[in-house]
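Here the structure is laid out as structure tokens; the discussion comes afterwards.
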Amino acid sequence: MPTVPNRISQKVTHFTESVIREMTRLAFQHEAINLAQGFPNFPAPEEIKKAACQAIQDDINQYAITWGAPGFRRAISDKYREMYDWEIDPERELTVACGSTECMISSILALVNPGDQVLVFEPFYENYGPDAIIAGASPVYISLDANRDWTFDFQELEQKIQDAQSGGGIRALILNTPNNPTGKVFSLEELGKLSELAQAYDFYVITDEIYEHIVYDDHKHYPIALFPGMKDRTITISGLSKTFSVTGWRIGYIIAPEDLTDGIRKIHDFLTVGAAAPLQEAGVKAMQTRGQYYEKLASEYRQRRDYLVDVLQDIGFKVWIPAGAYYIMVEISPLTDLDDVQFVDQLIKNYGVAAVPGSSFYHRPELGRRFIRFAFCKTQEVLREAAERLQRLRD
Ligand code: PLP
């Protein structure tokens with residue numbers, strides 16, 4: 001009789017369940033306010049919800065074309081032309097998939113061979129580790145330095161790229177800007193230098209830009225695909241989840257050169273066949289949104305950010321003020337000798353607020369032991385209630 005561990009593939013034994021989603025379950029169990037997982041608790045835009053209901057009533061209820069409903073792909077292409085002056089062929093360079101989550105794994109599976117090395121900035125959104133393992137890739141980590149405002153050392157990066165050459169070289173860089181969990185928005189200069197390295201050492205960039213519209217103060221989001229020489233070696237991922245507060249809809253899309261798109265579409269087709277057809281119709285409405293909606297989205301998130309940053313600083317955490325996305329990384333050492341996991345456990349059970357232990361964003365858990373991450377994609381009332389509960393940490 002085989003033992004249980006032998007019944008699952010080796011791959012699966014190399015990663016754990018998502019810590020973020022585990023925190024959500026714990027929060028639910030202990031009736032804690034969930035500042036762990038990044039989903040808004042406020043309603044999605046009325047017009048987009050109406051469009052989804054209408055599409056179901058109109059009986060757009062069968063499979064869409066596997067790589068995306070034509071109208072949705074055209075609407076995405078129109079948005080990028082107007083917003084970024086970026087010409088995308090909706091027939092050949094766009095694939096719709098089930099959230100950016102599927103976009104990322106389909107792209108990695110389409111591009112990366114088992115044994116290939118991929119660069120990943122660390123701390124990283126926790127899906128990227130398992131994604132790389134599932135594809136059989138070897139991640140090479142580049143640290144974003146908390147002590148230097150999440151910047152990184154280009155010399156160290158280039159050295160790692162050169163070291164990787166004996167093993168066949170770097171195949172791709174996984175980028176995420178605006179960044180989860182750090183709130184970093186990669187600067188024009190950083191992206192320019194990364195583009196130069198990608199061309200000099202001939203690797204691809206897979207960029208997760210799901211928070212493209214959630215950027216604060218003077219920071220600006222730049223798609224790396226638009227840097228000179230980069231369109232042909234960049235896979236850009238975004239989606240509806242964060243911009244339109246519909247994380248449960250699972251609608252994302254991938255912009256890539258035609259040959260890569262061909263590969264990605266094949267993987268996507270056999271993984272999931274397609275994203276929800278009526279929700280892609282609603283996606284047309286979403287993509288037709290312009291100007292003011294995005295400004296309001298960012299400015300409302302800025303107010304939530306400022307509020308929670310003040311609360312956390314007041315309590316005594318060391319806080320990194322995010323330049324984008326909707327998370328705040330804090331250092332817990334000024335408040336406790338507990339590690340990140342023990343501290344979050346206590347926060348949930350004794351204070352009724354859930355956060356994410358920092359170690360889940362690092363390949364070596366010890367690197368993240370002094371950090372935890374709070375999400376602030378919640379209404380002011382919920383944030384106020386969470387603040388009241390957290391104030392008790394000062395007692
Ligand atoms: N990428 C990043 C960086 C995220 O933070 C998240 C969600 O938290 C996702 C992707 C998931 O996006 P989607 O809902 O489109 O799958």
Side-chain angles (χ1 to χ4, degrees), residues 1-30 34 36-39 66 95 97-141 167-168 171-172 174 176 180-181 206 208 210 235 237 239 241 247-248 250 252 254 263-276 339-342 344-345 348 354-369 373:
M1 211 31 199
T3 59
V4 172
N6 290 340
R7 287 154 64 105
I8 53 175
S9 77
Q10 276 188 3
K11 271 191 200 115
V12 182
T13 63
H14 288 131
F15 52 89
T16 60
E17 262 188 72
S18 156
V19 176
I20 298 177
R21 294 179 280 282
E22 169 66 14
M23 290 305 117
T24 289
R25 286 192 289 273
L26 262 185
F28 189 69
Q29 193 183 331
H30 294 277
N34 188 357
Q37 197 173 359
F39 60 85
T66 180
T95 307
C98 301
S100 337
T101 302
E102 193 220 317
C103 294
M104 180 56 78
I105 191 140
S106 291
S107 300
I108 296 178
L109 285 169
L111 193 71
V112 171
N113 293 302
D116 279 353
Q117 302 175 86
V118 294
L119 292 169
V120 181
F121 285 105
E122 182 178 58
F124 47 80
Y125 172 54
E126 63 166 2
N127 280 34
Y128 303 155
D131 285 351
I133 293 168
I134 290 168
S138 307
V140 174
Y141 297 100
R171 178 74 170 162
I174 297 178
N176 169 218
N180 173 10
I206 308 177
D208 176 344
I210 185 93
I235 296 177
I237 293 170
S241 283
T247 58
R250 319 306 307 124
I254 308 157
I264 292 166
R265 286 178 173 185
K266 273 199 246 171
I267 299 278
H268 158 69
D269 189 4
F270 288 109
L271 276 181
T272 62
V273 178
D339 74 20
D340 61 326
V341 174
Q342 294 164 332
V344 166
D345 193 64
I348 295 174
V356 179
S359 52
S360 64
F361 305 111
Y362 288 85
H363 76 293
R364 284 180 20 229
E366 64 273 21
L367 298 175
R369 287 287 176 227
R373 187 202 76 176

Considering residues, nucleotides and ligands other than Glu366, do more than 12 of their heavy atoms fall under 6.0 Å from its CD?
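Count over threshold, so yes.
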Donor-acceptor contact present, side-chain [X] to main-chain [Y], <3.5 Å:
| X | Y | value |
| --- | --- | --- |
| Gln342 | Asp339 | yes |
| Glu126 | Val19 | yes |
| Gln117 | Val140 | no |
| Arg373 | Ala36 | yes |
| Arg171 | Leu111 | yes |
| Ser359 | Arg369 | no |

[X] and [Y]: which non-hydrogen atoms are nearest, and at how many Å?
| X | Y | result |
| --- | --- | --- |
| Ala97 | Glu102 | CB-OE1, 3.4 Å |
| Phe361 | Glu122 | O-CG, 3.9 Å |
| Ser107 | Cys103 | OG-O, 2.7 Å |
| Pro357 | Asp340 | CB-OD2, 3.2 Å |
| Cys98 | Ala275 | SG-CA, 3.9 Å |

Ile134 and Phe15: CA distance, side-chain angles, deciding distance, side-chain contact (heavy atoms from CB on, under 4.5 Å) verdict:
CA-CA 10 Å; Ile134 290 168; Phe15 52 89; 4.0 Å; yes
Measuring from [X]:[atom1] to [Y]:[atom2], what's the distance to the nearest 0.5 Å?
| X | Y | atom1 | atom2 | result |
| --- | --- | --- | --- | --- |
| Gln37 | Met23 | CD | CE | 11.0 Å |
| Asn176 | Phe124 | CG | CZ | 12.0 Å |
| Tyr128 | Ile206 | OH | CD1 | 10.0 Å |
| Leu271 | Ser106 | CG | OG | 4.5 Å |

Modelled atom types, side-chain donor and acceptor of Ser100 and Asp208, under 3.5 Å:
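The criterion, which ignores hydrogens and geometry beyond distance, is not satisfied for Asp208 and Ser100.
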